[in-house]
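Input: a single structure, listed below in structure tokens.
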Amino acid sequence: MDAAALLDWYAREGRDLPWRRTRDPYRILVSEVMLQQTQVDRVIPRYERFLGRFPDERALAAASAAEVIEEWSGLGYNRRALALWRAAQVVAAEGWPRDVAGLRALPGVGPYTAAAVASFTFGEDVAAVDTNLRRVIERVDGVARSPGALTARAAELLPSGRGAAFNHAMMDLGATVCRPRAPRCDACPVADWCASRGAVPAGATAAHTRVRFQDTDRFVRGRVVAALVERRPLPHDLGAERLERALAGLERDGLDVREGERVMLPGR
Ligand code: ADE
């Protein structure tokens, strides 16, 4: 693959997104945690709102768990919001780590997020391998790899000194051109180097699209957290068993507190 063609394309067609106009690690971390579970256009207004309420790590660290969960409401996976809050507490006390390894030690920060923040904030040359990057590289090379081999291949493709642009370009390519089910190879800057030319591998229909969202535990947990935030009755219409499983899961993750029959957000 010709990385120069990719970066030229990104310079022309790259998306202008709010978290691409900053190098503040806090803002970039907030965006990356939100983007792990929610589409870009839905994240933008929530990102702005979250930063309006918690403008920096000190403000977030000083909030209560209930306030954070309340602000996160509707973004899904509340556990990630609590991990972000704990990370803010570590950083408010100790300062920001300066590299991938230090970022990895923060609560809730896995290899992808650490690489994304390190490249976008510190300009570190490290590939942020998410599902978009994996799909693009697998198609270009026409090879499926183990996670370790894929990370090594991504590092090889990354042009020295251009880590941030490479990651952004690959994310945009994966999201807008090299899409999972309907790739737009006619618009692809690296089609000339692509082994598959958009052949859609078997199994590209993600398993989650086959399960109705209303049937998932995530849906039940979302309904429970919304009820707790808004101080409404729990969603008993979903059935005692599903409700109990959701409550137990939320309790395990520190997202609800039970006192006898009463269920509350932590810190309320
Ligand atoms: N998805 C995950 N991180 C992203 C980013 N920084 N820009 C656009 N989409 C993303």
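This chain uses plain numbering: 1 for the first residue, then up along the sequence. Only this structure's heavy atoms are used, side chains among them; waters, hydrogens and symmetry mates stay out. Whatever order the structure lists them in is the order used to number ligands and atoms, beginning at 1.
Between the Ser119 side chain and the Ala116 main chain, a donor and an acceptor come within less than 3.5 Å of each other. Checking side-chain atoms of Gln37 against main-chain N and O of Gly76 turns up a donor-acceptor pair under 3.5 Å. Panel note: side chain Arg46, backbone Glu71; a donor-acceptor pair is recorded below 3.5 Å.
Those atoms of ligand 1 that come under 4.0 Å of a heavy atom in Leu17, given as number and element, are 7 (N), 8 (C). In the vicinity of Phe120, heavy-atom distances shorter than 4.0 Å reach the ligand 1 atoms 6 (N). Short contacts between ligand 1 and Arg15, defined as distances under 4.0 Å to a heavy atom of the residue, involve ligand atoms 8 (C), 9 (N). Under a 4.0 Å criterion applied to the non-hydrogen atoms of Trp19, ligand 1 contributes the atoms 5 (C), 6 (N), 7 (N).
What sits closest to atom 8 (C) of ligand 1 on the protein, heavy atoms only, is Arg20 NH2, 3.4 Å. The protein atom (non-hydrogen) at minimum distance from atom 2 (C) of ligand 1 is Tyr112 OH, 3.2 Å. The protein heavy-atom contact nearest to atom 3 (N) of ligand 1 is Glu32 OE1, 2.9 Å. The nearest protein atom to atom 4 (C) of ligand 1, hydrogens excluded, is given as Met171 SD, 3.2 Å; this is a heavy-atom distance.
At a threshold of 4.0 Å, the pair Glu156-Arg153 counts as salt-bridged, since one of the basic side-chain nitrogens sits closer than that to a carboxylate oxygen. Ion pairing of Asp16 with Arg21 is present here, as a side-chain N (NZ or NE/NH1/NH2) and a carboxylate O approach within less than 4.0 Å.
More than 12 heavy atoms of other residues, nucleotides or ligands sit less than 6.0 Å from atom CD of Gln214.
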